[in-house]
There are 2 protein chains.
Amino acid sequence: MTHAKTTYQFEDLLDKHQLKKTAPRLRVLSMMYSKNTATSQPDLESVMHDIDRVTLYRILNVFEEKGIIHKVFDLNGTANYAICHSNCGAHKHHDEHVHFNCTNCKNVYCLNELTLPALNLPGGFKAEGFTLYASGLCSKCSKKAN
Amino acid sequence: MTHAKTTYQFEDLLDKHQLKKTAPRLRVLSMMYSKNTATSQPDLESVMHDIDRVTLYRILNVFEEKGIIHKVFDLNGTANYAICHSNCGAHKHHDEHVHFNCTNCKNVYCLNELTLPALNLPGGFKAEGFTLYASGLCSKCSKKAN
DNA sequence: ATTATAAATGCAACAATATTTCATTTACTA
DNA sequence: TAGTAAATGAAATATTGTTGCATTTATAAT
């Protein structure tokens with residue numbers, strides 16, 4: 001599931017999207033790939049306190065545009081960012097998966113393995129994208145609860 | 001579907017939740033009941049410009065706590081508020097319905113009539129609430145598109 | 001290797017929003 | 001009708017989103 005990525009692979013990823021291989025970008029990539037949960041901008045800031053707030057903001061924006069990451073809002077409405085594992089491209093995200101927000105540890109998990117069941121909308125509504133949000137206890141926190 | 005509510009019914013609603021029947025609260029209720037889409041705080045502010053911003057903020061908060069309304073984030077992460085039609089109570093929301101965010105008119109619809117299909121989560125994950133977000137063109141905008 | 005240039009960064013400044021404090025007003029109770 | 005607790009409005013602060021610009025850096029061309 002979690003592939004250990006090397007710096008070279010991150011550089012290739014940036015190359016592929018015609019982005020310059022800068023230190024801040026490589027650090028953001030390696031941090032996000034090392035986690036199986038989405039990361040909020042506040043979290044990123046506190047870990048990489050030497051990188052400017054605005055730089056992070058712009059890195060996240062350009063990564064999202066290029067389809068490297070996708071944005072997901074947690075229960076409090078704060079933006080979290082996660083690596084796009086499936087076939088995402090610029091302006092064409094396929095993040096039609098399930099997001100799980102743990103009410104205890106506040107982590108946001110992207111459950112990529114799950115596919116969304118079909119759904120028929122009322123007349124006239126033409127859906128393009130779906131995201132299912134589930135909230136509750138994640139596997140770690142439900143273990144602790146015993 | 002859309003019930004025309006009288007002032008008396010709004011007063012009863014506030015009574016039921018041990019909230020004082022004040023003018024700002026009644027106006028917020030009547031505005032939200034008159035729409036079939038969720039309302040953002042900016043929208044509320046612009047319509048009721050004589051009510052203080054902070055008052056609106058607190059009214060929305062207390063309504064949400066009491067289970068009168070629920071919060072839903074649109075594609076941009078801004079909070080929208082809608083009346084809870086089903087059996088919601090304080091700290092126990094049953095907003096397990098579908099939210100539809102129109103990419104054209106930006107409106108957020110609560111599709112209460114739809115029920116979510118079952119979903120089995122990975123081992124250990126205990127879900128309490130579900131919300132499905134769909135985005136695309138709403139019935140009005142898809143008509144216009146022809 | 002060196003240089004030119006376009007892009008990325010960091011900083012300052014600004015805008016918008018969320019949130020707290022407190023004095024005043026208002027709704028309800030006795 | 002008076003007393004009380006709650007709600008409001010206004011000011012002030014914190015946090016977050018966003019833009020402009022000078023400086024630095026990565027890359028392409030020489």
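For clarity, every value in this text was computed on a predicted model and none was experimentally measured. The sequence lines fix the lettering, A, B, ..., with proteins before strands; numbering per chain opens at 1.
Relative to the side chain of I59(B), the nucleotides dT8(D), dA8(C), dT9(C) differ in distance, and dT8(D) lies closest. For Y57(A), the side-chain atoms get nearest to dG17(D) when compared with the rest of dG17(D), dT27(D), dA10(D). With dT26(C), dA18(C), dA12(C) as the candidates, the nucleotide lying closest to the side chain of R53(B) is dA18(C). Closest to the K20(B) side chain, of the nucleotides dT8(D), dC28(C), dA8(C), is dC28(C). For T55(B), the listed nucleotide lying nearest its side chain is dT8(D); candidates were dA8(C), dA18(C), dT8(D). Closest to the side chain of V54(B), from the set dA10(D), dA8(C), dT8(D), is dA10(D).
Distance CZ (R25(A)) to P (dT25(D)): 15 Å, rounded to an integer number of Å. Summarising the geometry, the separation between CD1 on I51(A) and P on dT24(D) is reported as 18 Å, rounded to the nearest angstrom. Whole-Å rounding puts the F73(B) CZ to dT17(C) C1' distance at 13 Å. Remark: P of dT26(C) and CZ of R27(B) are 15 Å apart, rounded to the nearest angstrom. Between the P atom of dT18(D) and the CG atom of L60(A) lies a distance of 12 Å, rounded to the nearest Å. In this structure, CG of D52(B) is placed 17 Å from P of dT21(C), rounded to the nearest angstrom. In this structure, D50(A) places its CG atom 18 Å from P of dT24(D), rounding to the nearest Å. Nucleotide dT27(D) holds its P atom 16 Å from the NE2 atom of H17(A), rounded to whole Å.
Nucleic acid contact class of T22(A) (heavy atoms, under 4.0 Å, all strands): sugar-phosphate only. Counting non-hydrogen atoms under 4.0 angstrom, R58(B) reaches a base of the nucleic acid.
A centroid separation of less than 6.0 Å is found between the aromatic rings of Y133(A) and Y133(B). For Y109(B) and F125(A), the distance between ring centers is under 6.0 angstrom.
DNA chain C is contacted by both A23(B) and L56(A); L56(A) maps to the nucleotide lying nearer its 5′ end (nearest heavy atom per residue).
Scored by the side chain to side chain donor-acceptor pair (under 3.5 Å) test, N107(A) finds no partners at all (sequence neighbours excluded).
Under a 4.0 Å N-O distance rule, the pair D15(B)/K21(B) qualifies as a salt bridge. Under the 4.0 Å criterion applied to side-chain N and carboxylate O atoms, R27(A) and D50(A) are assigned as salt-bridge partners.
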